[in-house]
Structure formats: structure tokens, C-alpha cells
Amino acid sequence: MTDLWDIRLVGSLETLSPFCVIPPSADEVTRADGSKFRRISRRTIYQDGLRESRPVVPGSTLRGRLRRSAVEVVRGMTGDRVPLAQWHQNAIGGIKGSESEASFDVQLRITLREKNPVLALFGAGSPWMISRASISDAIPEGPVETDLIGGARSDDGRRDGSFFEKLDADALEQWHAMANANSARTRYKKAMRELNATLRAARKNGSAEEVARLEAELGELAKREETVGLLSTNPVSMPLQHEAMPAGVRMQHRITLSAVTAAEAGLFIAAMNHWMKSKPALGQHESLGYGLLRGEYDAYLSPARSDDPFAIGQANAVSLGTMIAEPVSGLSCVPERFVEFMSAFREAFQQGAFDFRLASEIGTQAK
């Protein structure tokens, strides 16, 4: 029977550069000057009887990077180019359709667990498989004041006197047409907003003739706006601003692997190393140097399902020491047992124990 292990990594992540992840459902904040920005990921914390919102590094962001790093470790060992569906299965857990989970082949699930350590660790939605890796949000240890970082993208045609000397003969005419269309569209939109407000008031208190006149005028403005819209583009000059967690924030973080084999644990540790060495930046604005984190984890190992119900505390957990995760450098102070687990993964891979193809292909072959 294959030995199964529970692994806990308990420690911290620290931002070495600003960090920014804006979720799709983020609130938009309007400042006093009318400018807007969207909130970065946050969680509500209750501490000393007070409710507080703190920025976080989402567990889903960390999990997604670690999963893709696991896939990259495998790809680096095989050197294969894979079909898109296979990439989706392993990198994001598949794209679930309308099929019933109740009808899933239990034996196939067991086979996938044995054959594909990526799915065994991170789970899948199609086919449905439970995840054995729990990765928490990284939450600051105390209150954090975020930064609002602003800037602007400038139009070279307005700021650089030699700009048009660098372009061909048609450039000046094209630039004028685009700039004039953008300006006209902005004017028409403003006039339409003001006219709509007047029209709403007229519908409440004005005469039918006044309403008809305003509607006709609004229709004419809409036609003009649509016409110049064909020539306009998004503005070249525009303000850019975003919220970010500053560098130097220390956050509590925890990773738990439940009932994993030595090879699965080895792949996870290799994925952590790949993340830090090969693609350490997380979140948005990577091109600005954002998203670098340093990790420091106390590692604990225990045989799975060995808990004594009468024992107090983690009686069966063995402390393996402190492991460090540094951008570019990767992991250091790696416990010897983790090195053994990575060797177990490498040996199993070299012996052909794994199969990362689509579940449907593995199932067909098994039958």
C-alpha cells in the first residue's frame, strides 16, 4: 500500500515590490477630482472587536500560479507540445460542460489519481476530482495603507515637436482626423448627457411640443456622435491610476497538502521552486516590477489519517525546519524529506508511471 502524507507549510509571505490583483467584481471608487480606480483584492478581518478591510494576495492567485508551475515542470521533463484540451485539463482543471458528476466513473477517477499528479494535487472540474492542496489567502498581520499610483499615457503628437518628422507623409493628416474626431465625439457625448437631463425634466413638467423638440435634437446629436465615432479611436492621451499594496508588507500564509503520495508532494515542492525561479511575479503590472514575494515557511510532516483522537495537538507531526522561497533564487533550506519526495517524483516519471493525457483518452485505453 502506498504511503500517504499530510504536509503543512505555516509561515509568511512578504511583498518585495508593490502588489496588485484587481478581481472582476472589484468596486470602482470615484475620487473628489472625478478620477476613478478599482479596488484590489481585500478581505474583512475582525480583530479586537473591530471590523477591518485589508488587502490580500488571493489564495486563488497563488494556487493558479502553482498549478501552472506544476504543468511547466512536467512539460520541461517531457519537452512535448500538447493539445489545447490537454493543457486546459491540467492547467485549469478542464472546462466543465453540462454532464452529470453523478455518472462519473469511480474507477477512472482512481486511475487518474494514480496517473496524473497534477490533477491529484489541484483537482479538476472536468472530470470532477477533489483537490488535495489547500492554499490560503496571504493576509497582512496588521493594518495596511495601500498606495494609489497615478500616471498618464501621452500623445506624442501633442508633446514632441519632432514627432511628425519621424513618420510618413500621410501621418499628419491621419493624426488630425483622429484627434478632431475624438474631440468632437467627447463634445457630442457631453451635450447628449446635458440634453438627456433636460429631457427628463421636460417629461415631468414640460409640454408635449417641448418634449418632441428635445427628442428630435437628441436624435440629431446621436447621429453626429455615431458618424464621428467611425473615425475616432480610444484616446491616446489618458490618465492611468491603480491601487497597490506597498512593498514590505508581511502576511500570514498557510499551505496544506492532505493525503498525498511522496511523488505528488515532490511535484508540489518542484512547482514552488519553479514559481520562484522561473516566473516569480504575480498579479498585474508585472512590467512595472510588481508582484514579487518572499516566503518563509515552517514545514510539518505526518502520516495521513494517523491522528490519535485522544492526543492533544499535532502529536504525529514532525517539524522539518524552516524553508525559504526567494524570487529568482528559488527554494533554499529545503528539508531532506522534501528532497526525497522530489526524487520520488522524478524516478516515477522516468519509469513511465504517469500519463498526463486527457481523461477520456486514459479511460478509453483502460477499457
Side-chain angles (χ1 to χ4, degrees), residues 7-21 57-82 87 90-92 116-118 120-122 133-136 138 245 247-251 253-257 260 262-299 301 320-350 354 356:
I7 295 173
R8 291 185 301 123
L9 300 177
V10 183
S12 65
L13 286 172
E14 180 183 355
T15 55
L16 300 182
S17 63
F19 185 86
C20 175
V21 165
V57 176
S60 58
T61 298
L62 293 161
R63 181 185 183 84
R65 174 54 54 83
L66 284 166
R67 181 172 192 144
R68 283 170 171 79
S69 286
V71 173
E72 290 292 352
V73 169
V74 171
R75 194 181 69 86
M77 297 175 75
T78 64
D80 293 341
R81 297 171 67 95
V82 301
W87 176 267
N90 293 320
I92 64 174
N116 191 329
V118 174
L121 283 168
F122 297 98
S134 172
I135 302 169
S136 74
M245 191 190 316
V249 176
R250 187 178 176 88
M251 299 165 285
H253 191 237
R254 179 185 296 263
I255 296 173
T256 303
L257 304 183
V260 295
E264 291 162 0
L267 175 57
F268 190 89
I269 299 302
M272 287 187 70
N273 190 53
H274 179 277
W275 160 34
M276 281 292 170
K277 290 186 71 171
S278 300
K279 200 168 177 60
L282 288 176
Q284 291 153 299
H285 303 294
E286 181 180 339
S287 62
L288 300 178
Y290 285 21
L292 296 179
L293 305 170
R294 179 185 186 275
E296 186 171 325
Y297 296 97
D298 294 330
L301 176 69
L320 302 181
T322 301
M323 184 171 69
I324 307 299
E326 294 269 9
V328 181
S329 300
L331 300 182
S332 61
C333 303
V334 180
E336 184 60 32
R337 292 303 302 274
F338 287 179
V339 175
E340 294 172 2
F341 289 160
M342 286 192 286
S343 295
F345 170 74
R346 183 185 297 110
E347 290 171 8
F349 182 91
Q350 292 171 345
F354 302 134
F356 298 94

* Asked: Nearest 0.5 Å, what's the CG-CG distance between L320 and D298?
  -> 10.0 Å
* Is the backbone N or O of K279 less than 3.5 Å from a side-chain atom of R65, with the two atoms forming a donor-acceptor pair by type? -> yes
* Asked: Where is the tightest heavy-atom contact between L13 and A138, given as atom of each residue plus distance?
  -> CD1-CB, 3.9 Å
* Minimum side-chain heavy-atom gap V82-N90 below 4.5 Å -> no
* Decide side chain to side chain contact (heavy atoms under 4.5 Å, CB included) for F349 and L267; before the verdict, give the C-alpha distance in whole Å, the side-chain angles of both, and the deciding distance to 0.1 Å. => CA-CA 10 Å; F349 182 91; L267 175 57; over 6 Å; no
* Asked: How many angstroms lie between atom OG1 of T61 and atom CG of L66, to the nearest 0.5 angstrom?
  -> 11.0 Å
* Straight-line distance of F354 CZ to E264 CD, nearest 0.5 Å -> 7.5 Å
* Is the backbone of F122 close enough, under 3.5 Å, to the side chain of R67 for a donor and an acceptor to pair up by distance? -> yes
* Worked check of side chain to side chain contact (heavy atoms under 4.5 Å, CB included) between V71 and F356 -> CA-CA 9 Å; V71 173; F356 298 94; over 6 Å; no
* Asked: Any donor and acceptor pair, going by atom type alone, linking the side chain of S69 with main-chain N or O of H274 inside 3.5 Å?
  -> no
* Any side-chain heavy-atom pair from L282 and L62 closer than 4.5 angstrom? -> yes
* How long is the span from the CG atom in L331 to the CE atom in M342, to the nearest 0.5 Å? -> 7.0 Å
* How about F345 and I269: do any of their side-chain heavy atoms sit closer than 4.5 Å? -> no
* Got a donor-acceptor contact below 3.5 angstrom from the S17 side chain to the G289 backbone? -> yes
* Asked: If you measure only the distance, is there a donor-acceptor pair under 3.5 Å linking the side chains of R254 and S136?
  -> no
* Asked: Roughly how far, to the nearest 0.5 Å, is NE2 of H253 from CG of L293?
  -> 9.5 Å
* Nearest 0.5 Å, what's the CD1-OH distance between I7 and Y297? -> 14.0 Å
* To do: Identify the two heavy atoms, one from A270 and one from V73, that lie closest to each other, and give their separation to 0.1 Å.
  => O-CG2, 3.9 Å
* For a side-chain hydrogen bond (donor to acceptor under 3.5 Å, both in side chains) with S12, tell me which candidate from R250, E296, R294 qualifies. => R250
* To do: Measure across Y290 and A281 and return the closest heavy-atom pair with its distance rounded to 0.1 Å.
  => O-CB, 3.5 Å
* Run the numbers on V249 and F19 for side chain to side chain contact (heavy atoms under 4.5 Å, CB included), then give the verdict. => CA-CA 10 Å; V249 176; F19 185 86; over 6 Å; no
* Can you name the closest pair of heavy atoms from G330 and N273 and give their distance? -> CA-OD1, 3.5 Å
* Quick one: closest heavy-atom pair of D80 and R75, and the distance? => O-CG, 3.6 Å
* Of all heavy-atom pairs between M323 and S332, which one has the smallest distance, and what is that distance? -> CG-O, 3.6 Å
